[in-house]
Amino acid sequence: MTAPDRESALLDRMRTHLSTPGAAPTYVRLQEAVQGALSAGVLRPGDALPTVRAVASALKLAPNTVAKAYAALARQGLTENRAGAGTSVAAGAWAGQLGQQEALRAFRALVQELRAAGLKLDDARRVLDELEGEPEAARVLSV
């Protein structure tokens, strides 16, 4: 995929993600759109992201909103910012970071389901403590 095609695909993802109803702030939704592009392979290590101004203009957003999303991605280790070179996908740890984030999202969703079913957080903590202390417990422990 060429750079202009990649940029167009990313902007389409961002536009779609922002148009989907949700309670998260706009910068978080932009961040999620970039994370989705990473996991889908639209973006690869070393790929440049569109400039803050380009995203803001294309999506009719305040540049500070886009900058906040880009800063959050950099803090997570998914992107790197270089003066004069812009923002690009981090070369090394992006896949591992993304995998961890997806696992944590799935874990949060599971905990919410368990809480809705009546599980107390103290019980969940006890299970996590047991799993942390005994690697074998992950295979045999049941709640």
Side-chain angles (χ1 to χ4, degrees), residues 1-117 119-139 141 143:
M1 184 179 294
T2 65
D5 292 339
R6 201 171 19 256
E7 184 172 319
S8 177
L10 181 58
L11 288 171
D12 286 345
R13 257 180 197 279
M14 289 175 168
R15 196 174 286 111
T16 300
H17 205 70
L18 290 174
S19 68
T20 305
T26 302
Y27 82 93
V28 171
R29 296 171 80 191
L30 284 174
Q31 186 181 342
E32 291 169 348
V34 173
Q35 290 168 337
L38 287 167
S39 65
V42 172
L43 292 173
R44 302 257 185 226
D47 285 348
L49 271 63
T51 66
V52 168
R53 285 184 183 161
V55 174
S57 176
L59 302 179
K60 297 178 179 25
L61 297 172
N64 286 344
T65 301
V66 180
K68 192 171 182 179
Y70 277 23
L73 290 163
R75 279 192 305 276
Q76 293 173 337
L78 299 176
T79 61
E80 50 194 19
N81 304 321
R82 283 178 264 143
T87 301
S88 61
V89 176
W94 72 275
Q97 292 287 332
L98 189 61
Q100 290 173 7
Q101 291 170 8
E102 289 174 357
L104 285 172
R105 266 195 296 278
F107 179 71
R108 282 187 188 99
L110 177 61
V111 169
Q112 288 173 343
E113 285 180 40
L114 291 171
R115 287 183 71 194
L119 179 74
K120 304 266 188 274
L121 285 179
D122 286 342
D123 292 334
R125 284 185 188 99
R126 179 187 51 78
V127 170
L128 288 172
D129 289 343
E130 290 174 14
L131 290 173
E132 185 177 48
E134 299 179 33
E136 273 303 302
R139 288 189 214 120
L141 186 66
V143 177

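Numbers here simply count residues along the sequence, with the first being 1.
At distances below 3.5 Å, not a single donor-acceptor pair connects side-chain atoms of Thr16 with backbone N or O atoms of Arg13.
When the side chain to side chain contact (heavy atoms under 4.5 Å, CB included) test is applied to Ser88, the partners found at least two apart in sequence or on another chain are Glu80, Arg82. Residues satisfying the side-chain hydrogen bond (donor to acceptor under 3.5 Å, both in side chains) criterion with Arg75, sequence neighbours excluded, are absent altogether. Take Ala62 and apply the side chain to side chain contact (heavy atoms under 4.5 Å, CB included) test, not counting sequence neighbours, and it matches Thr65.
Contact of the Leu121 side chain with the Val111 side chain is registered, since non-hydrogen atoms from C-beta on lie closer than 4.5 Å.
The two atoms that bring Asp123 and Leu119 nearest to each other are CB-CD1, 3.7 Å, heavy atoms only. Closest approach of Val52 and Pro63 over heavy atoms only: CG1-O, 3.3 Å. For the residue pair Gly77 and Ala90, the shortest heavy atom distance occurs at O-CB, 3.3 Å. For the residue pair Pro50 and Leu10, the shortest heavy atom distance occurs at CD-CD2, 3.5 Å. The minimum heavy-atom distance linking Tyr70 with Thr79 is given by the pair O-OG1, 3.9 Å.
A distance of 10.5 Å separates NE2 of His17 from OG1 of Thr26, quoted to the nearest 0.5 Å. Here CD of Glu7 is found 9.5 Å from CE of Met14. Values are rounded to the nearest 0.5 Å. Atom CG of Leu38 is separated from atom CG of Leu49 by 7.5 Å, given to the nearest 0.5 angstrom. Taking CG of Leu30 as the start and CG of Leu59 as the end, the distance is 6.5 Å to the nearest 0.5 Å. In this structure, CG in Leu73 is found 5.0 Å from CD in Gln31, a value given to the nearest 0.5 Å. Going from atom CG of Leu78 over to atom OG1 of Thr87 covers 12.0 Å, rounded to the nearest 0.5 Å.
Environment of CZ in Arg115: sparse, with no more than 12 heavy atoms of neighbouring residues, nucleotides or ligands closer than 6.0 Å.
A salt bridge does not link Asp129 to Arg126: none of the charged nitrogens lies less than 4.0 Å from a carboxylate oxygen.
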